[in-house]
Every structure is written in structure tokens, then in C-alpha cells.
Amino acid sequence: SACGAGPATPAATAEQVDHADATPAATGQLASATWLLTREPATLDLDADEAGASSDIIMANVCERLMQLRPDLTSAPNLAASYEWRTPTSLVFQLRPGVTFHDGSQMTVDDVVWSLRRHATGDAESDEYVNVTAIAATGPAEVTLTTTQPDAVLVKALGGDAGVILQRAKVEAQGAAYGTPGGTDACSGPLTLREWRSGEQIVLAKADNYWNAERASRTDEITFRWAGEDAIVNSLVTGEATGAYLETIASATRPPPDTRADCGDAKPPPPPPGLIELPTNENVEFALLPRVVIDASTRIAHTMTAAATAM
């Protein structure tokens, strides 16, 4: 009778999967990549209550934040040029000059204040602003957040979705369409939203004239599709997909059934070559094929596309 090896245990997975905290920087340009998700996002509006991991993964390189969370989990200024705690309850940001949105419009202090206030009153990020009592423009390129008490995590939070800066006019012009398949992005990142065909795919494209040339996308076009984890792993192995996040790393080493009559000595096959796990701060695993490289300067927890390249 047939017998199978069954799912890989966590211990077996740890032995079979290579681990690394970063990979080498990209060295070339990739024309296109296909990235698989376990589900289609409900929205691309990161302030919406229904926004989830799929929304974050797709928008990670479309939108940018005041701060940047780096692979070692430290924070550095991003759309902000600098910041300081001017008093224990007064956090002051100087905005970076020359930042433009995808339509070429300059980022303004009004865009920043409006975006942070939107996060503070929205469904998804308002908890990050629990200690914030005021968000105001205190200069032509200066924004001040006033808190009720010293807040040790606020700066880090502004390196996440609580710090995304949106183009106010673009969001308001779209109204209810923003974040839906009928909408467009309102961001400043290295990739722009090209299309969302509901039920089929979402396509991002390299942004023309991205304001930060040193961080321009190393991939011209990214196509996101969705499937179950078994189908995702199969697509990675066959080369139909470039990469994916896996919610359970054991999926990377799940062997097929062994149909031999006597399989007492059968051993599960090794994992697909090159499949690795990268640690993240989101409690998810990341699987990729050898030809995909992730730039260590990007946010490993969310960013997988800006530096992808063919080896």
C-alpha cells in the first residue's frame, strides 16, 4: 500500500532550509517578476480596517514613510530629512526637500500633516497615535507631533504604515474609489500601481522619474497573483513565480507522497534548491528562488520587489 512522509516538522524544516538575515545587493535590472500571495487584498488603502498583510506587501514599495525601518530594526529618516525630540513631549520633523509624488507634484507640509492626521483617525493605525494630541505644521518644511507623555515607540511607528505620506489632492479626488480596483495610488515610492484586475492580478511598474535615483526599482514590472500555499511552492519550484511570502515555512519542505509498496526506508526529498527563510518582524517567513536578490537596505518585513534581479 502507498505511504507518505507527511508534513515536515518545524525541527526538520529548520535543518533543511538555509537561513540568512540578508542577501547581497542587486547587481542588475530585472524586466519582470511574478510574486504570489495567499489571498487577494481587500483594499490597497492602508488606513482601512480591512487592510491586511497582502495590502502591505503590495504597497510597500509604492508608498513611502517619514521614517524607514531598516533590516537591523533601527530607524532612519526617509521622507523626513531629520527629527528630534525637542522636548520630552514634542517630536519635530524636518521634511526632505525634492520629494515628488508619482504625478510629479512636490510633497508639501500640508500633505504630511493631512496624512498623519488621517492615520491618527483611521481604523488601521490609530493605535499608534494613542499618545498624540496634536499634529501641526510649525514651519514651511516642519511638522510637530505633541504627545501627552514621552513615547518610546512613536518614531519606529512612523517607519511603518502610521508614517505613510499620501498626496492629499489625489486621495480626495478619488473619493471612495481610493484603494479599490478602480482607483490609483497617491504615493511617492519607486513603484507605481499600474492595474488591479479584481480576482486576477495586481501589476506594479517602475516609477518614472522617481525622486530618489539611488533607490530606483531594480525591477521594471511586478505582477502579484494569489494562490494556496501548495500551489505557491509548486510555482516557485517550476519557475512560474519568482517568489512569495509563506505563512508557514514548513510548506517549503512539504514532500509529495511516496507511492512505493515498501517505503519503510523512504526519506523525504530535500527542499527546492535555494529556498531560504529570512527573519522578519512580522512573524512571517519569506521564500525565494536563487535568481531573486533582496537589497538589504529595504524593509525585509514588507519589501521584496525594489531590488529583485536575475543572477
Output the distance between atom CZ (Arg225) and atom CD (Glu200), rounded to the nearest 0.5 Å. 7.0 Å
So, does His102 use its side chain to make a donor-acceptor pair with the main chain of Gly189 at under 3.5 Å? yes
Test of understanding: clusters of I, L, V, M, F, W, Y form through side-chain heavy atoms closer than 4.5 Å, transitively. Do Ile222 and Ile57 belong to the same one? yes
Quick one: pull up OG1 in Thr108 and CD1 in Ile165 and give me the separation to the nearest 0.5 Å. 10.0 Å
Can you confirm whether more than 12 heavy atoms, excluding those of Asn209, are under 6.0 Å from its CG atom? no
Using side-chain contact (heavy atoms from CB on, under 4.5 Å), reason through Val99 and Asn212 one step at a time and then give a plain yes or no. CA-CA 8 Å; Val99 175; Asn212 188 353; over 6 Å; no
Can you find a pair of side-chain heavy atoms, one from Thr121 and one from Arg117, that are under 4.5 Å apart? no
Among the clusters formed by ILVMFWY side chains lying less than 4.5 Å apart, do Val237 and Leu36 turn up in the same one? yes
Check whether the side chains of Asp103 and Ser105 place a donor and an acceptor atom closer than 3.5 Å, and report yes or no. yes
Looking at Gly28, is its backbone amide N or carbonyl O close enough to the side chain of Arg218 to form a donor-acceptor pair, meaning the two atoms are under 3.5 Å apart? yes
Given the rule in the side-chain contact (heavy atoms from CB on, under 4.5 Å) test, do Ile58 and Leu37 qualify, once you have shown the distances and angles that lead to the verdict? CA-CA 9 Å; Ile58 292 169; Leu37 308 169; 3.7 Å; yes
Could you give the distance from OG (Ser75) to NZ (Lys156), rounded to the nearest 0.5 Å? 4.0 Å
Is there a donor in the side chain of Gln94 and an acceptor in the side chain of Glu84, or the other way round, less than 3.5 Å apart? no
Determine whether Ser188 and Glu64 make a side-chain contact, defined as any pair of heavy atoms from C-beta on separated by less than 4.5 Å. yes
Considering all heavy atoms, the nearest Val109-Ala137 contact: CG2-CB, 3.6 Å
If the threshold is 4.0 Å, N to carboxylate O, is there a salt bridge linking Glu142 and Arg86? yes
Going by distance alone, is a donor N or O of one side chain under 3.5 Å from an acceptor N or O of the other, for Thr223 and Gln201? no
Determine whether Leu95 and Leu66 make a side-chain contact, defined as any pair of heavy atoms from C-beta on separated by less than 4.5 Å. yes
Would you give the length of the straight line joining atom CZ of Arg118 to atom CG of Asp45, rounded to the nearest 0.5 angstrom? 4.0 Å
Using 0.5 Å steps for rounding, measure from the CG atom of Leu46 to the CG atom of Asp56. 5.5 Å
Quick one: does Asn61's side chain have a donor or acceptor within less than 3.5 Å of a partner on Leu191's backbone? no
Is there a side-chain contact between Asp161 and Asp47, using heavy atoms and a 4.5 Å cut-off? no
Side chain Thr242, main chain Thr34, donor-acceptor under 3.5 Å: yes
With a 4.0 Å cut-off, would you call Asp111 and Lys170 a salt bridge? no
Are Phe93 and Leu158 packed together at the side-chain level, in the sense that at least one heavy-atom pair is separated by less than 4.5 angstrom? yes
So which heavy atom on Met107 is nearest to which on Phe101, and how close? CA-CE1, 3.6 Å
For residues Pro41 and Trp226, determine if any side-chain heavy atom of one lies less than 4.5 Å from a side-chain heavy atom of the other. yes
When you group the ILVMFWY residues by side-chain heavy-atom contacts below 4.5 Å and let the links chain together, are Ile202 and Tyr178 in the same group? yes
Measure the shortest side-chain to side-chain distance between Leu166 and Cys63 over non-hydrogen atoms and say whether it is less than 4.5 angstrom. yes
Where Leu204 and Phe224 come nearest, the two heavy atoms and their spacing: CD1-CE1, 3.5 Å
side-chain contact (heavy atoms from CB on, under 4.5 Å) between Asp185 and Leu44, worked out: CA-CA 8 Å; Asp185 76 75; Leu44 295 181; over 6 Å; no
Of Leu154, Asn78, Val155, Leu79, which is the lone residue that meets side-chain contact (heavy atoms from CB on, under 4.5 Å) with Met67? Val155
Joint cluster assignment, Trp35 & Leu193, ILVMFWY side-chain distance < 4.5 Å: yes
Okay, side chain of Thr147, backbone of Pro150: is any donor-acceptor separation there less than 3.5 Å? no
Specify the closest pair of heavy atoms between Arg197 and Glu40, including all atoms of both residues, with the distance to one decimal. O-OE2, 4.5 Å
Taking Ser217's backbone N and O only, do any of them form a donor-acceptor pair with Gln29's side chain (distance below 3.5 Å, no angle check)? yes
Identify the two heavy atoms, one from Gly179 and one from Thr43, that lie closest to each other, and give their separation to 0.1 Å. O-OG1, 3.3 Å
Say whether Leu145 and Val130 are linked into one hydrophobic cluster, either directly or through other cluster members, by side-chain heavy-atom distances under 4.5 angstrom. no
Quick one: pull up CG in Asp127 and NE2 in His119 and give me the separation to the nearest 0.5 Å. 12.5 Å
What pair of heavy atoms forms the shortest contact from Tyr129 to Ile135, and how long is it? CE2-CD1, 4.0 Å
